[in-house]
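Below: one structure, written as structure tokens.
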Amino acid sequence: MLTPLCAFGHVATTAELTDAGWTRTQRESALRQGARRVRKGTFACTHLEEADRFAVDCGGRLDCISVLRAEGIWAGFHRGLHLRMNRGDRHAMARVRAAKRRATLHWDHRRFPAESRTRVSVQDALIAAMRCLPPDDVVAAIESAVHLRRITASQAFAVMEAAPRRLQRQMSEVDTGFRAQSGYETHVRLRLRRRGHRVEPQYLVPGVGHLDNLVDGVVAVETDGSQHRDSLPDDHRRDLGTEAAGIRVLRIDPDLVDRRWDEVLDVIERMVRDAQRAQASPTDTDSVRKRPWRRK
């Protein structure tokens, strides 16, 4: 439900409303139409999501992993609320404790303007996440943000330039084509390349479509998420077409990437060796064709 405060980004102070020509009567009317007084001098819409409402109640904005999750961007498996507070706010901790909810606080050092009154920009959230996420999850988050069109490629490059020195190696591993369609695809690519394999993300097979990751030109590693469970017939058709093109297919559940990677890696490398050996050795038909003919 829209409220009069929606035009102000869902949050506004008394001074902002007064500057916009609102009278005290109009402010009281807004409260009856779906707004609430957060604290003295600050009003917010009642339809804000719970996390955004908590941020406003604490006098801050959602930040870091919380923004990434709210935008659908990869953020690994890390939970908890992250808030950006104004530097020098002496009452910030007291408001968080009063809300009786745990939160990780980041102090104001915004580099990029935010469109939301309740969240920092996705770029700032990604930079903050560099302190809270493992390095590979940071790479996956940057690629995910571009893939989902939450930021542009040029904005992603600006984020990468702002990375601390300890993450410079990982920033060089970001696929600047931003082709990965999930964080799991990114993790698989990074791990296989570090093992010395040649990995092509989203490789196009004519008549079949794009493969998640093509390893050494001979094995396709498809990382199936929950969205694939209703598309098994289509997956089987794709696998048949991929095998017909001379590429072996391995489908793995995302849970295996996290919990049983050593086993997955062993299978991938064995499949690669077998496929390369098959390509290098002639087929039985070729052997018969090349055998010299002898008169009996």
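Below, each value reflects all heavy atoms present in this structure, side chains not excepted, and no hydrogens, waters or symmetry copies. When a residue number appears, it is its place in the shown sequence, counting from 1.
Residues Leu256 and Val272 fall within the same hydrophobic cluster, defined by Ile, Leu, Val, Met, Phe, Trp and Tyr side chains chained together at heavy-atom separations under 4.5 Å. Tracing side-chain contacts under 4.5 Å through hydrophobic residues (I, L, V, M, F, W, Y), one reaches Leu190 starting from Ile142; they form part of the same cluster. Both Leu265 and Val215 belong to a common hydrophobic cluster when Ile, Leu, Val, Met, Phe, Trp and Tyr are linked at side-chain heavy-atom distances under 4.5 angstrom.
Judged by distance alone, the side chain of Arg53 and the main-chain N or O of Cys45 form no donor-acceptor pair under 3.5 Å. At distances below 3.5 Å, not a single donor-acceptor pair connects side-chain atoms of Arg150 with backbone N or O atoms of Leu68. Panel note: side chain Ser66, backbone His82; a donor-acceptor pair is recorded below 3.5 Å.
Within the structure, no pair that satisfies the ring-ring contact (aromatic ring centres under 6.0 Å, His included) test touches residues 246-268, not counting sequence neighbours. Residue pairs satisfying the ring-ring contact (aromatic ring centres under 6.0 Å, His included) criterion with at least one member in residues 177-198, sequence neighbours excluded, are listed as follows: Trp74-Tyr184, Trp74-His187, Phe157-Phe178. Listed by first then second residue, pairs satisfying salt bridge (Lys or Arg N to Asp or Glu O under 4.0 Å) with a partner in residues 125-139 read Asp136-Arg194, not counting sequence neighbours. Listed by first and then second residue, the salt bridge (Lys or Arg N to Asp or Glu O under 4.0 Å) pairs that reach into residues 5-18 are Glu16-Arg117, sequence neighbours excluded.
Side-chain atoms of Val11 and Thr42, non-hydrogen and from C-beta on, do get closer than 4.5 Å to each other. Under the 4.5 Å side-chain criterion, counting only non-hydrogen atoms from C-beta, Leu214 is in contact with Ile247. Residues Arg191 and Arg195 fail the side-chain proximity criterion, which asks for heavy atoms closer than 4.5 Å. Between Val146 and Thr152 the shortest side-chain heavy-atom distance does not fall below 4.5 Å. Within the 4.5 Å cutoff, the side chain of Glu222 has no heavy atoms near those of the Asp235 side chain. Contact check for Arg189 versus Asp175: side-chain heavy atoms found under the 4.5 Å cut-off.
Of all heavy-atom pairs spanning Ala162 and Ile127, the tightest one is CB-CD1, 3.7 Å. Of all the heavy atoms in Gly72 and Leu148, the pair that sits closest is O-CD1, 3.2 Å. Arg198 and Gly217 make their closest contact through NH2-N, 3.8 Å (heavy atoms, listed as atom of the first residue, atom of the second, distance). Nearest heavy atoms, Met130 versus Leu167: CB-CD1, 3.6 Å. When all heavy atoms are compared, the tightest approach of Arg61 to Ala114 is NH1-CB, 3.6 Å. Across every non-hydrogen atom of Leu126 and Ala145, the tightest pair is CD1-CB, 4.2 Å.
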Side chains of residues 200-209: which donor-acceptor pairs under 3.5 Å do they make with residues two or more places apart or in other chains?
| residue | atom | partner | partner atom | Å |
| --- | --- | --- | --- | --- |
| Glu200 | OE2 | Arg179 | NH1 | 2.8 |
| Gln202 | OE1 | Gln181 | NE2 | 3.3 |
| Gln202 | NE2 | Glu185 | OE1 | 3.1 |

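Around atom CD of Gln168, more than 12 heavy atoms belonging to other residues, nucleotides or ligands sit under 6.0 Å away. Shown here is Arg166, whose CZ atom has more than 12 heavy atoms of other residues, nucleotides or ligands within 6.0 Å. Counting heavy atoms of neighbouring residues, nucleotides and ligands inside a 6.0 Å radius, atom CZ of Arg193 exceeds 12 of them. Residue-environment remark: CD (Glu49) stays at or below the threshold of 12 foreign heavy atoms within 6.0 Å.
Here the rule is side chain to side chain contact (heavy atoms under 4.5 Å, CB included) with Val249, and of Leu240, Val221, Asp239 only Asp239 fits it.
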_Worked check of side chain to side chain contact (heavy atoms under 4.5 Å, CB included) between Met171 and Val138_ = CA-CA 9 Å; Met171 292 301 97; Val138 174; 3.9 Å; yes

*Could you walk me through whether Arg102 and Leu81 pass the side chain to side chain contact (heavy atoms under 4.5 Å, CB included) test, one step at a time?*
CA-CA 7 Å; Arg102 297 184 63 181; Leu81 281 170; over 6 Å; no

*asked:* One pair to check against side chain to side chain contact (heavy atoms under 4.5 Å, CB included): Val218 and Met271. What are the steps and the verdict?
replied: CA-CA 9 Å; Val218 293; Met271 290 178 68; over 6 Å; no

_Worked verdict on His10 versus Val56 for side chain to side chain contact (heavy atoms under 4.5 Å, CB included)_ = CA-CA 10 Å; His10 311 294; Val56 172; over 6 Å; no

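Under the side chain to side chain donor-acceptor pair (under 3.5 Å) criterion, Arg69 pairs with no residue at all, not counting sequence neighbours.
Atom-to-atom distance recorded for Leu133:CG and Ile65:CD1 is 4.0 Å, nearest 0.5 angstrom. In this structure, the separation between OG1 on Thr242 and CZ on Arg237 is 9.0 Å, given to the nearest 0.5 Å. Distance check: Leu105 CG to Leu83 CG gives 6.0 Å after rounding to the nearest 0.5 Å. Rounded to the nearest 0.5 Å, atoms CE (Met85) and NE2 (His106) are 11.5 Å apart. Taken from CD in Glu71 to OG in Ser121, the straight-line distance is 10.5 Å, to the nearest 0.5 Å. Atom OG1 in Thr176 sits 9.0 Å away from atom CD in Glu143 (nearest 0.5 Å).
Residues Asp274 and Arg270 are not paired through a salt bridge, judged by the lack of any N-O separation under 4.0 Å between the basic side chain and the carboxylate.
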